[in-house]
Amino acid sequence: MSILVGGSVAIDNVKTPSADEKGLLGGSASYAALAAAKLASPVHLLGIVGHDFPASHITMLEGNGVDLGGLEHSSEESFTWSGEYHENMNERTTHNVAINVLEHWEVKVPDAVASSPFVVLANMAPLNQLQLISQCTASEKFVVADTMDLWIAIARDELEEVMAKIDLLVINEGEAREYAGTNNLILAGERLREKGPQYVVIKLGEFGALLFGEDEFFRCGAWPLRDLEDPTGAGDTFLGGMIGYLASQNAVAPSFAQLRQAVVIGSILASYTCQDFSTRALESVTSHDLDSRMKEFELISQW
Ligand code: AMP
């Protein structure tokens, strides 16, 4: 069942305590689409890049099964994000965000993919998320969205509109506390559900994720990583992995058990993203790698 992923497609410059890499493939939609394509097909990416976007990134995405028919090419410069991780890799400083092509972007969903039953509103302006969802035509669909502190601060009204139209919100811990107005994460999950989505996932970074349903709750850990190189895109990978699994199960109206499994798969796929810069480790993950890490994860999570 086909998946539509809209969001940023970026050039990232990332510095960590051990390395400094420039011109990397980044962007919420790049990670989410690549992760989804590990589990399901077809995956259609909607985004916009500029004249300076490296051709090698396009080749890599296409070579990994991501359809780029909905990727616009502009004569402006690409969206570029520059950030730095410190000794504690959970802390990130954003040095520069060059909006460029995203400033006046209007999402256009090609007719051929508008009826996709799985829709990912990866991190982008809530206005773009609304444009995307308004062009989706499937009568039965499952819509998942991500957001960030910037939009909670400057586009809250539009974000509230998005919340009323989605089935699942995936949000990180700090942003969940900020958006829900409480430090208690259980209360935050419940309050975010009241804004519209039937399900909410709160991501806890190296500690896993919390999944909230109506009267159901699930806590998933994270794969214990020794070789953490660059956590950029882990959240987007998580999102894409979840939707890829649901699409592979044809689960347009997923059960809580299917959502639990989707959270585990999202969490495991995200661990690969953290093992190298950009999408490098994710690109080479095979279904055999994923299966064996899943089995080990099951063993270490039981008691
Ligand atoms: P994550 O580590 O999951 O928060 O995602 C990082 C990715 O989000 C990077 O590859 C950035 O290019 C992208 N990103 C950063 N800021 C924004 C923004 N304001 N809008 C859309 N994407 C962004």
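Just follow the structure's listing: the first ligand is 1, and inside any ligand the first atom is 1.
Each of the atoms 3 (O) of ligand 1 lies under 4.0 Å from some heavy atom of Gly235. Which parts of ligand 1 touch Ala10 is read off a 4.0 Å heavy-atom cut-off, strictly below it: atoms 12 (O). Within ligand 1, counting atoms from 1 as listed, the ones closer than 4.0 Å to a heavy atom of Thr232 are 2 (O), 6 (C), 9 (C), 10 (O). Under a 4.0 Å criterion applied to the non-hydrogen atoms of Gly26, ligand 1 contributes the atoms 10 (O).
Between Gly27 and ligand 1, a contact under 3.5 Å exists for at least one N or O pair. At least one N/O-N/O distance between Gly233 and ligand 1 falls below 3.5 Å. For ligand 1, the polar-atom distance check finds no N/O of Trp81 at less than 3.5 Å from any of the ligand's N/O atoms. The shortest N/O to N/O separation between Tyr31 and ligand 1 does not fall below 3.5 Å. Considering backbone and side-chain N/O atoms, Asp236 comes within less than 3.5 Å of an N/O atom of ligand 1.
Looking at every heavy atom in both residues, Met89 comes nearest to Pro17 through SD-CD, 3.8 Å. Taking all atoms of both residues into account, the shortest heavy-atom contact from Ala247 to Met1 is CB-O, 3.8 Å. Contact detail for Val5 and Ala32: the closest heavy-atom pair is CG1-CB, 3.9 Å.
Within the model, atoms OG of Ser30 and CD1 of Ile11 stand 10.5 Å from one another, a figure rounded to the nearest 0.5 Å. Atoms CG and NZ, from Asp230 and Lys15 in turn, are 13.0 Å apart once rounded to the nearest 0.5 Å. Taken to the nearest 0.5 Å, the CZ atom of Arg177 stands 8.5 Å off from the CG atom of Asn184.
Here the protein heavy atom with the shortest distance to atom 10 (O) of ligand 1 is Asp12 OD2, 2.5 Å. Closest to atom 17 (C) of ligand 1 among all protein heavy atoms lies Phe79 CZ, 3.5 Å. Annotation: atom 22 (N) of ligand 1 to nearest protein heavy atom, Ser8 OG, 2.7 Å. Nearest to atom 19 (N) of ligand 1 among the protein's heavy atoms is Met148 SD, 3.5 Å. Of the protein's non-hydrogen atoms, the one nearest atom 4 (O) of ligand 1 is Arg92 NH2, 3.1 Å.
A cation-pi arrangement is found for Lys195 relative to Tyr179, the charged atom lying closer than 6.0 Å to the ring centre and inside a 45° cone about the ring normal.
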(request) Please lay out, stage by stage, how Leu130 and Glu158 fare under the test side-chain contact (heavy atoms from CB on, under 4.5 Å). (result) CA-CA 8 Å; Leu130 290 171; Glu158 283 154 354; 4.2 Å; yes
(message) Could you go through Asp52 and Ser78, starting from their C-alpha distance and side-chain angles, then the distance that decides it, and tell me whether this counts as side-chain hydrogen bond (donor to acceptor under 3.5 Å, both in side chains)?
(response) CA-CA 6 Å; Asp52 52 347; Ser78 298; 2.7 Å; yes
